[in-house]
Amino acid sequence: MRYAGVAVAVAGVLVAAGAISYSVAGDNGSDVPTVNSADAGFARDMAVHHQQAVEMSYIVRDRTKDEEVRRLAYDIAQTQANQRGMLIGWLDLWGLPKVSSDEPMSWMGMSGMASGEDGALMPGMATDTEMKKLGTLNGKQAEIFYLQLMTDHHKGGVHMAQGCADKCTVAVEKRLAQGMVEAQQSEIQLMADLLESRGATPSS
């Protein structure tokens, strides 16, 4: 089953998450990143990015009865809500603010990559208008639009996570970021297959 491989990958990320949270909690003071570090910037930005994915996924679960899409949306929501909690928890653990006056993605030298207009704060994020539109669709139309939006969202997320894998200094956070890259790339392929079966293609 094409879904099984993705489910295994996601499960692996979630299992690792518990160990990662414990490991970070045991880091000594010398390992605490600074407020302007890639580690802190990634935690702040990805927490925001993940929150939209969770919201988007719960919207589509109310707009379709298709079990394959509902299962995917549920897994994305649960995985990203779990990871978001970890990222916010790390900021608390490090004694760092959850918001910053810096532009999103400035920690990876890519501030200004998104216009920020209509709620799209980072590359791949849906606009407020697109989120509202998703909430008006039903059935196949909702499935296709969700899969297109989430594909773009994942592409932006993969890019950001790869930035942390390359630039972050806290080893366990780097491993989590790499796990996000691998899991979301698998889901991008799954969503391409689901779109094809519905006679549609990714929007970009």
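Start at 1 with the first residue, then count along the sequence.
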Cation-pi check, Lys167 onto Phe42 ring (under 6.0 Å, within 45° of axis):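 Negative - Lys167 is either too far from the ring of Phe42 or too far off its axis.
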
Flag side-chain contact, heavy atom, 4.5 Å: Met105 against His159: yes

Heavy-atom check, side chain of Tyr146 versus side chain of Thr151, under 4.5 Å: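 A side-chain contact is absent here, since even the closest heavy-atom pair is not under 4.5 Å.
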
Within 6.0 angstrom of Lys155 NZ, more than 12 heavy atoms from elsewhere: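 For Lys155, atom NZ is crowded (more than 12 foreign heavy atoms under 6.0 Å).
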
If hydrophobic clusters are built from ILVMFWY residues whose side chains come within less than 4.5 Å, do [X] and [Y] share one?
{"X": "Ile88", "Y": "Val170", "value": "no"}
{"X": "Leu121", "Y": "Met110", "value": "yes"}
{"X": "Tyr58", "Y": "Leu194", "value": "no"}
{"X": "Met56", "Y": "Val54", "value": "no"}
{"X": "Tyr74", "Y": "Val60", "value": "no"}

Do the charged groups of [X] and [Y] touch, with an N to O distance under 4.0 Å?
{"X": "Arg70", "Y": "Glu67", "result": "yes"}
{"X": "Asp92", "Y": "Lys98", "result": "yes"}
{"X": "Arg198", "Y": "Asp66", "result": "yes"}

Between CD1 on residue Ile144 and CG on residue Leu195, distance to nearest 0.5 Å: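 Reported to 0.5 Å precision, the distance equals 7.0 Å.
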
Side-chain (Thr79) to main-chain (Ile76) donor-acceptor, under 3.5 angstrom: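 No, Thr79 side chain to Ile76 backbone: no donor-acceptor pair under 3.5 Å.
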
Exam field: side chain Thr127 to backbone Glu130, donor-acceptor pair closer than 3.5 Å: yes

Criterion side chain to side chain donor-acceptor pair (under 3.5 Å) on Gln51 and Glu55, from CA distance to verdict: CA-CA 6 Å; Gln51 179 60 31; Glu55 294 173 2; 3.2 Å; yes

